[in-house]
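What follows is a structure written as structure tokens; I'll ask about it next.
First the proteins, then the strands, lettered A, B, ... as listed; each starts at 1.
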Amino acid sequence: MPELPEVETIRRTLMRLIGLRKITNAAWTYEPILKTDSEKFKTVLIGQTFREFERRGKFLIFQLDTVSLVIHLRMEGKFFIKDPSCPLLKHEHVVFTLDNDSELRYHDTRKFGSMHLIESTCLHEVVRNTPISKLAKEPIDEGFSYKDILTPLQRRSSAIKTALLDQTVISGIGNIYADEICFLSALHPQTPCNRLTMEEIMRLSENSKIVLTKAIDLGGTTIRTYESVDGVHGRFQHELMVHGRKNQPCRICETTVKKIVINGRGTYFCEKCQPLKTIDVEKNMK
DNA sequence: CTTGCGACCTGTTGGC
DNA sequence: TGCCAACAGGTCGCAA
């Protein structure tokens, strides 16, 4: 469920709550989450201290003394800090006991999330040995501009929403923010990438930056099950213009917001504010 | 190389 | 009311 703003919020919260805490035990009840040899997972992590908390796209990177933990929350991954006396919930699959007698618990209803243990604290090494190496720039990266997405967009014929969700084109955007970015850019989410004008591509890149920045400021979006840590909700849901607003009036023009499916993802848009350019040169020539 | 789709899981929601 | 298909903030592997 979490996109870049939610993952960033989680990163900041965990840095505050468990920074410089030492792991005294590691345990799990569902092994497939661990993408590393499980015995190593336990023996290596015990005794190590959380030093740095990084994020790349939707990946979290925790750097400890001699290793790094690379975590992807996928659809439903969450963290909680709990007292060891709290009964373990059904979906709390991984538990790190900390040196202040509290537990960092990883909760994941759908079990899609992953944890990789990388035996290095060097970010270059970590990136090189994980799928992070395939990520494109983030809209909030220093110096990000339309030039970073120009070539991939011109090369594709797929819907712009599909390209916004492709982490090798631009990283950090997910289903909610893709809809919001298309709306702010006044572009129909099904517009083929290779039919965008230069000006439209500039609008998309600027709005990507604006939307993600504001969402981070508000601690992310809580519309279904997202919470940062310990049940803390985001506040960006109050700013949503189209996502999740099927059959409700557009906040700008009152036209009924439509829901369609693009590449298997629910997609919300206003057909008046985001008209699909009727394709043709031929039409104009008549 | 791009594109679309099923698979991975479980829980909730919406329509008949 | 009840049932079951569709859907939920993501990615990966595979076939065309």
Between A:Tyr177 and A:Glu6, a side-chain donor and acceptor under 3.5 Å: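 Yes, A:Glu6 and A:Tyr177 have a side-chain donor paired with an acceptor closer than 3.5 Å.
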Give me the atom names and distance for the closest heavy-atom approach of A:Phe79 to A:Leu14. CD1-CD1, 3.7 Å
Separation of B:dT3 atom C1' from A:Asp166 atom CG, nearest Å, is 11 Å
Checking contacts here: which listed nucleotide (C:dA8, B:dT3, C:dG9) is nearest the side-chain heavy atoms of A:Thr221?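 Taking heavy atoms from C-beta onward, the closest nucleotide is C:dG9.
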Would you mind telling me which of B:dC5, C:dG9, C:dA8 lies closest to the side-chain atoms of A:Asn263? B:dC5
Whole angstrom value for the distance that separates C1' of C:dG10 from CG of A:Leu135: 13 Å
Donor-acceptor pair, distance only, cut-off 3.5 Å: does the side chain of A:Ser171 make one with the backbone of A:Gln167? no
Mind checking if A:Glu6 touches a base, just sugar-phosphate, or nothing, with heavy atoms under 4.0 Å?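 Base, at least one base atom sits under 4.0 Å.
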A:Lys58 vs C:dG10: side-chain N/O to OP1/OP2 distance below 4.0 Å: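 Answer yes for this pair, as a side-chain N or O of A:Lys58 is under 4.0 Å from OP1 or OP2.
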Pairing residues for A:Thr109 by the side chain to side chain contact (heavy atoms under 4.5 Å, CB included) criterion, not counting sequence neighbours: A:Glu76, A:His91, A:His107
Nearest whole Å is fine: how far is C:dG10 P from A:Leu4 CG?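 Taking atom P of C:dG10 as the reference, CG of A:Leu4 is at 11 Å.
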Under 4.0 Å: is that the gap between some side-chain N or O of A:His72 and OP1 or OP2 of C:dT11?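 Yes.
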Strand DNA chain C in bracket notation, Watson-Crick/G-U under 3.5 Å with | for pairs to another chain: .|||||||.|||||||
Quickly work out the A:Arg156 CZ to B:dT2 P distance and round it to whole Å.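 Atom-to-atom, A:Arg156 to B:dT2, this comes out as 5 Å.
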For the pair A:His93 (side chain) and A:Lys111 (backbone), establish whether a donor and an acceptor sit closer than 3.5 Å, ignoring hydrogens and angles.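 Flag not set: sc A:His93 to bb A:Lys111 has no pair under 3.5 Å.
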Would A:Leu98 end up clustered with A:Trp28 when hydrophobic side chains under 4.5 Å apart are linked, directly or stepwise?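 Linked, A:Leu98 and A:Trp28 end up in one cluster.
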Closest to the A:Gln167 side chain: C:dG10, B:dT2, C:dT11?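 The nucleotide sitting nearest to the side chain is C:dT11.
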Quick check: does any side chain N or O of A:Glu180 sit under 3.5 Å from a backbone N or O of A:Ile176, one acting as donor and the other as acceptor?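 Not confirmed, A:Glu180 side chain does not pair with A:Ile176 backbone.
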Rounded to the Å, how far apart are A:Leu164 CG and C:dG10 P?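 Taking atom P of C:dG10 as the reference, CG of A:Leu164 is at 12 Å.
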Nearest whole angstrom, please: distance from the P of C:dC7 to the CG of A:Asn175.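 In whole Å, C:dC7 P and A:Asn175 CG are 12 Å from each other.
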At 4.0 Å (heavy atoms only), tell me whether A:Leu165 reaches a base, stays on the sugar-phosphate, or touches nothing.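 The residue A:Leu165 makes no contact with any strand.
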Euclidean distance, atom CD1 of residue A:Ile10 to atom P of C:dG9 [Å, nearest integer]: 16 Å
Where the side chain of A:Lys58 meets the backbone of A:Ile173, is there a donor-acceptor pair that is under 3.5 Å apart? yes
Do nucleotides 9-16 of chain B as a string where each nucleotide becomes B, S or -: B if the base has a protein heavy atom under 4.0 Å, S if just the sugar-phosphate does, - if no protein is that close. BBS-----
Transitive ILVMFWY cluster of A:Met75, excluding itself - 4.5 Å side-chain cut-off: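 Joined to A:Met75, directly or through intermediates: A:Phe112.
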What nucleotide, of B:dT3, C:dA8, C:dG10, holds the atom closest to the side chain of A:Lys259?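 The answer is C:dA8.
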Should A:Arg74 be listed as having a side-chain N or O under 4.0 Å from OP1 or OP2 of C:dG9?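 For C:dG9, OP1/OP2 do not have a side-chain N/O of A:Arg74 under 4.0 Å.
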Rounded to the nearest angstrom, tell me the gap between atom CZ in A:Phe59 and atom P in C:dG10.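 Going from CZ in A:Phe59 over to P in C:dG10 covers 12 Å.
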Determine, step by step, whether A:Lys42 and A:Asn25 satisfy the side chain to side chain contact (heavy atoms under 4.5 Å, CB included) criterion, reporting the C-alpha distance in whole Å, the side-chain angles of both residues, the deciding distance to 0.1 Å, and the verdict. CA-CA 7 Å; A:Lys42 189 172 191 121; A:Asn25 195 24; 3.6 Å; yes
How is A:Ser157 classified with respect to the nucleic acid when contacts are heavy atoms under 4.0 Å: base, sugar-phosphate, or nothing? sugar-phosphate
Output the rest of the hydrophobic cluster of A:Val70: all Ile, Leu, Val, Met, Phe, Trp and Tyr residues reachable through side-chain heavy-atom contacts under 4.5 Å, sorted by chain and number. A:Phe59, A:Ile61, A:Ile118, A:Leu123, A:Val126, A:Val127, A:Ile132, A:Leu135
Please determine if A:Arg128 and A:Glu125 form a salt bridge, counting it only when a charged side-chain N lies under 4.0 Å from a carboxylate O.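 Salt bridge: yes.
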Using the P atoms only, state how far C:dT11 lies from B:dG11, rounded to an integer number of Å.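 Their P atoms lie roughly 23 Å apart.
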Give each protein N/O atom lying under 3.5 Å from an N/O atom of nucleotides 13-16 of chain C, with the pair distance.
none

Using the P atom as the reference point in each nucleotide, state the distance between B:dC8 and C:dC4 in Å, no decimals. 22 Å
Heavy-atom side-chain contact between A:Arg55 and A:Leu4 under 4.5 Å: yes
Does A:Lys134 reach a base, just sugar-phosphate, or nothing at all? Heavy atoms under 4.0 Å.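 Result for A:Lys134 = nothing.
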